[in-house]
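FYI, the numbering just counts along the sequence from 1.
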Amino acid sequence: MLDSFSAEMDGGITLLVGFSGCGKSTLLKLIAGFLRPTAGRIRLDGENPLRKHLCRLSIGFVFQQLNLLPLASIQQNLEMSASLAGLSPGEVRDTTEKYLVELGLESFADQRPIELSGGQQQRAAIARALVKQPRILLLDEPTSGLDDLNTRVIIRQLARYADSGGTVIIATHDTRLLALHHERIDFNRFLPVERHLETVAD
């Protein structure tokens with residue numbers, strides 16, 4: 001539960017950090033419009049994210065579970081995401097090729113997610129979110145369990161996206177991402193710690 005939380009994120013990269021269960025993933029889902037707040041308001045450039053077209057067109061989301069379509073190839077995953085976001089056939093082709101190359105997936109374009117390693121699947125999920133050319137990119141633990149090389153590839157891509165004017169919001173425990181942020185929101189400062197963590201929090 002998020003109680004008395006207020007924040008304004010104006011572009012660049014914002015890291016959400018804090019203990020497990022403190023609400024980081026919940027905040028991402030609220031921003032994306034997947035959850036409806038019981039109080040308060042969320043606005044994206046003055047618009048309500050609960051409007052389905054806004055999420056489909058303007059927000060890219062990378063889930064912890066990745067949620068790649070299992071029976072579709074990696075290229076098809078990207079193409080469908082771009083097409084649903086309203087890109088023209090030419091834009092679908094060009095952006096799909098762009099992110100397959102930039103995230104090192106061109107050799108795996110015809111393979112299904114199950115045929116890829118964990119790092120490759122993680123990069124594919126990020127490519128699928130970016131191919132929409134969203135205004136806002138939300139990522140839930142995008143480097144969890146990844147080796148340093150895969151993490152560097154992802155960090156480089158997220159930095160490029162932010163430098164091009166995108167807004168990136170990342171929920172993470174990964175200290176390797178700390179140098180990436182423009183702003184950090186530490187949930188531990190204003191949200192209650194679960195009782196079983198209180199004795200080790202100091």
Side-chain angles (χ1 to χ4, degrees), residues 13-17 20 24-35 49 52 54-87 91-162 164 166-174 176-177 180-181:
I13 298 174
T14 298
L15 297 186
L16 309 178
V17 300
S20 296
K24 302 186 301 297
S25 298
T26 297
L27 179 58
L28 292 183
K29 291 174 183 176
L30 286 165
I31 294 171
F34 297 148
L35 296 177
K52 292 182 179 179
L54 181 62
C55 183
R56 186 177 73 250
L57 301 180
S58 300
I59 297 175
F61 201 115
V62 178
F63 300 85
Q64 283 193 51
Q65 299 82 9
L66 304 182
N67 289 358
L68 293 164
L69 297 174
L71 299 181
S73 70
I74 297 306
Q75 180 165 335
Q76 289 170 333
N77 267 274
L78 269 62
E79 289 173 343
M80 281 187 273
S81 177
S83 180
L84 288 171
L87 275 64
E91 290 172 324
V92 170
R93 181 186 63 249
D94 292 345
T95 56
T96 294
E97 181 179 349
K98 167 185 168 69
Y99 287 110
L100 285 173
V101 170
E102 289 191 2
L103 282 156
L105 295 164
E106 65 271 33
S107 299
F108 311 102
D110 295 329
Q111 295 184 334
R112 293 180 299 163
I114 196 172
E115 300 173 296
L116 272 57
S117 70
Q120 291 161 352
Q121 290 183 37
Q122 202 88 335
R123 299 200 310 272
I126 292 172
R128 185 185 60 178
L130 285 169
V131 78
K132 298 171 60 174
Q133 299 182 330
R135 300 203 317 256
I136 299 169
L137 184 63
L138 307 174
L139 305 102
D140 198 353
E141 299 290 356
T143 56
S144 176
L146 293 188
D147 59 82
D148 287 345
L149 287 177
N150 272 298
T151 297
R152 285 178 206 159
V153 171
I154 290 172
I155 286 174
R156 181 180 61 195
Q157 192 60 51
L158 296 180
R160 284 178 182 169
Y161 171 77
S164 71
T167 296
V168 185
I169 305 173
I170 308 172
T172 185
H173 292 98
D174 192 343
R176 294 173 296 182
L177 299 183
L180 183 62
H181 74 286

Is a side-chain N or O of S81 found less than 3.5 angstrom from the main chain of R128, in a donor-acceptor match? yes
Give the minimum heavy-atom separation between L66 and A125, together with the two atoms involved. CD2-CB, 3.8 Å
Could you give the distance from OH (Y161) to CD (Q133), rounded to the nearest 0.5 Å? 10.0 Å
I'd like to know if the side chain of T95 reaches the main chain of E91, judged simply by a donor and an acceptor atom lying under 3.5 Å from each other, with no hydrogens or angles considered. yes
For the residue pair L149 and D147, what are the closest heavy atoms and their distance? N-OD1, 3.0 Å
To the nearest 0.5 Å, atom CD1 of I59 lies from atom CD1 of I31 at 8.5 Å
Non-hydrogen atoms of R176 and D148 that approach each other most closely: NH1-OD1, 2.7 Å
Examine distances only and state if a side-chain atom of K24 and a backbone atom of T172 form a donor-acceptor pair shorter than 3.5 Å. no
Closest non-hydrogen atoms of L103 and R123, given as atom of the first, atom of the second and distance, are O-NE, 2.6 Å
Main chain of F108, side chain of Q111: is a donor-acceptor contact present, judged purely on distance under 3.5 Å? no
Polar side-chain atom of S73 near backbone of Q76 as donor-acceptor pair, under 3.5 Å: yes
Tell me, yes or no, whether the heavy-atom count around E97 atom CD, taken from other residues, nucleotides or ligands under 6.0 Å, exceeds 12. no
About how many Å separate CG of L177 and CG of L158, when rounded to the nearest 0.5 Å? 8.0 Å
Correct closest heavy-atom pair for P142 and A171 would be CD-O, 3.9 Å
Parallel, tilted or perpendicular: which one describes the rings of F61 and F34, with boundaries at 30° and 60°? tilted
Under the side chain to side chain donor-acceptor pair (under 3.5 Å) test against E141, which residue among H173, Q64, Q122 passes? H173
Verdict with reasoning, D110 to Q75, per side chain to side chain contact (heavy atoms under 4.5 Å, CB included): CA-CA 6 Å; D110 295 329; Q75 180 165 335; 4.3 Å; yes
Smallest separation among heavy atoms of L138 and L28, with atom names: CD1-O, 3.6 Å
So, taking the atom named NZ in K98 and the one named CG in L130, what distance separates them when rounded to the nearest 0.5 Å? 9.0 Å
Working to the nearest 0.5 Å, report the span between CD1 of I13 and CD1 of I169. 11.0 Å
Nearest 0.5 angstrom please: N77 CG to L69 CG, how far? 4.5 Å
